[in-house]
Amino acid sequence: MIVAGNFKTHHTRSSTLKYCNALDKRLEGIENIEVRIFPTLSSLPYDNFTHLKIGAQNAYCVSNGAYSGEVGEEQLFELGIKTLLIGHSERREIFKEDKEMIKKKFDFFSSRGFEIFLCIGENLEVKKSGGTKEYLMRQLEGISLCYPKLIVAYEPIWAIGSGVSASLEEIEEIHSFLQEIGVKTSVYGGSVKRENAKEIMSLKGVDGVLVGGASLELESFCAIIGC
Ligand code: PGA
C-alpha cells in the first residue's frame with residue numbers, strides 16, 4: 001500500500017523538516033505501507049530518511065539549463081530525490097500544462113529511473129456527461145504504462161479539496177478500468193481523510209491514496225497511515 005502526502009504550497013522549510021523527522025520516527029515498525037511526502041520545492045530536504053521517501057511536486061524535463069523558475073534533474077539528484085509528481089490538476093489548470101508537456105516530463109524522468117506519480121482525473125462536466133473513462137484514457141495516451149515505477153493517481157477534480165470524495169463504487173469502478181487498460185499501480189486522491197482512507201484502501205485495485213489537505217497535519221496523516 002502507498003500513502004502519499006502532497007503539501008502543495010503549504011508548510012515552510014522548517015515546519016516540513018520537523019514534520020518529516022517526526023513522521024519518519026512514527027513509521028518505525030510499520031510494514032507494508034510505503035510513505036511519500038511531496039513538500040514545496042523550497043522545502044525539499046535531502047532524501048535521507050529511514051522509512052519515508054521524499055518526492056518533488058514538479059520539475060522540468062531537463063537536467064539543467066536556461067529555464068527560469070524551474071528545477072531540473074541535476075538539482076533533484078543532488079538532494080537524492082528520485083520521486084516525482086506530474087500532471088496534477090492544479091498544474092494542468094492553473095499553470096496550463098498540457099498533455100504534451102506532461103508526456104515530455106514522463107518520458108524524461110522515466111528515462112532517468114524516477115518513480116513517477118502521474119495524476120489524472122475528470123472535472124464535473126466530464127463526469128456529468130458520462131465520458132470519464134474515455135477522458136482518462138486520453139490523459140494516458142502516449143504514456144508507457146509498462147514503466148515499472150509508474151503510479152497512476154486517479155484524482156477526480158471535483159473531489160479535490162471539496163471535502164467530498166468519490167463514492168467507493170466510483171473509485172472501484174475506475175480503478176478496475178485502469179487495470180483493464182494496462183495500469184499496474186494506481187492510487188486514489190480527492191478528499192481522502194482519516195474517516196474514509198481505510199475503506200478506500202481496502203477496495204479492489206486500489207494500491208493506496210494520495211492525500212492533500214489531510215496530510216498537512218501530522219496526526220491526521222498518521223491516522224490515515226495507521227502509525
Ligand atoms: P485533497 O487533495 O486531499 O485536499 O482533496 C488531493 C490532491 O490534490 O492531491
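Start at 1 and go down the list; that is how both ligands and their atoms are numbered.
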Under a 4.0 angstrom heavy-atom cut-off, which atoms of ligand 1 come close to [X]?
{"X": "Gly190", "value": "5 (O)"}
{"X": "Ser191", "value": "1 (P), 3 (O), 5 (O)"}
{"X": "His88", "value": "7 (C), 8 (O), 9 (O)"}

**Asked** Under 4.0 angstrom from ligand 1, any heavy atom of Ala214?
**Response** no

**Asked** Under a 4.5 Å cut-off applied to non-hydrogen side-chain atoms, are Leu145 and Lys184 in contact?
**Response**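 Side-chain contact under 4.5 Å: no.
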
**His11 versus Thr16, side-chain donor and acceptor atoms under 3.5 Å** =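 Distance-only check fails for Thr16 and His11.
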
**Prompt:** Donor-acceptor pair, Asn6 side chain versus Val211 backbone, under 3.5 Å?
**Reply:** no

I'd like to check whether [X] has a polar contact with ligand 1, where a contact means an N/O of the residue lying under 3.5 Å from an N/O of the ligand.
{"X": "Leu210", "value": "no"}
{"X": "Val211", "value": "no"}
{"X": "Gly161", "value": "yes"}
{"X": "Glu155", "value": "yes"}
{"X": "Lys8", "value": "yes"}

**Asked** With under 30° as parallel and over 60° as perpendicular, where do the rings of Phe221 and Tyr19 fit, or are they tilted in between?
**Response**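 It falls in the tilted class, 30° to 60°.
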
**Asked** Charged N to carboxylate O under 4.0 angstrom, Arg91 versus Glu97?
**Response**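 So Arg91 pairs with Glu97 through a salt bridge.
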
**Prompt:** When the ring centroid of Phe106 is compared with that of Tyr147, is the distance short of 6.0 Å?
**Reply:**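 Phe106 vs Tyr147: aromatic centres under 6.0 Å.
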
**Request:** Please say whether the positively charged group of Arg112, taken as NZ for Lys or CZ for Arg, lies over the ring of Phe109, i.e. under 6.0 angstrom from the six-membered ring centre and within 45 degrees of the axis.
**Result:**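 Pair Arg112/Phe109 does not count as cation-pi.
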
**Request:** Identify, for atom 3 (O) of ligand 1, the protein heavy atom at the shortest distance, and state residue, atom and that distance.
**Result:** Gly212 N, 2.8 Å

**Item:** Closest approach of any protein heavy atom to atom 4 (O) of ligand 1, naming residue and atom
**Value:**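 Here the nearest protein heavy atom works out to Gly213 N, 2.8 Å.
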
**Request:** Please report the C-alpha distance between Phe38 and Phe117 in whole Å, then the side-chain angles of each, then the deciding distance to 0.1 Å, and finally whether the ring pair (Phe, Tyr, Trp, His ring centres under 6.0 Å) criterion is met.
**Result:** CA-CA 11 Å; Phe38 295 94; Phe117 284 68; 5.3 Å; yes

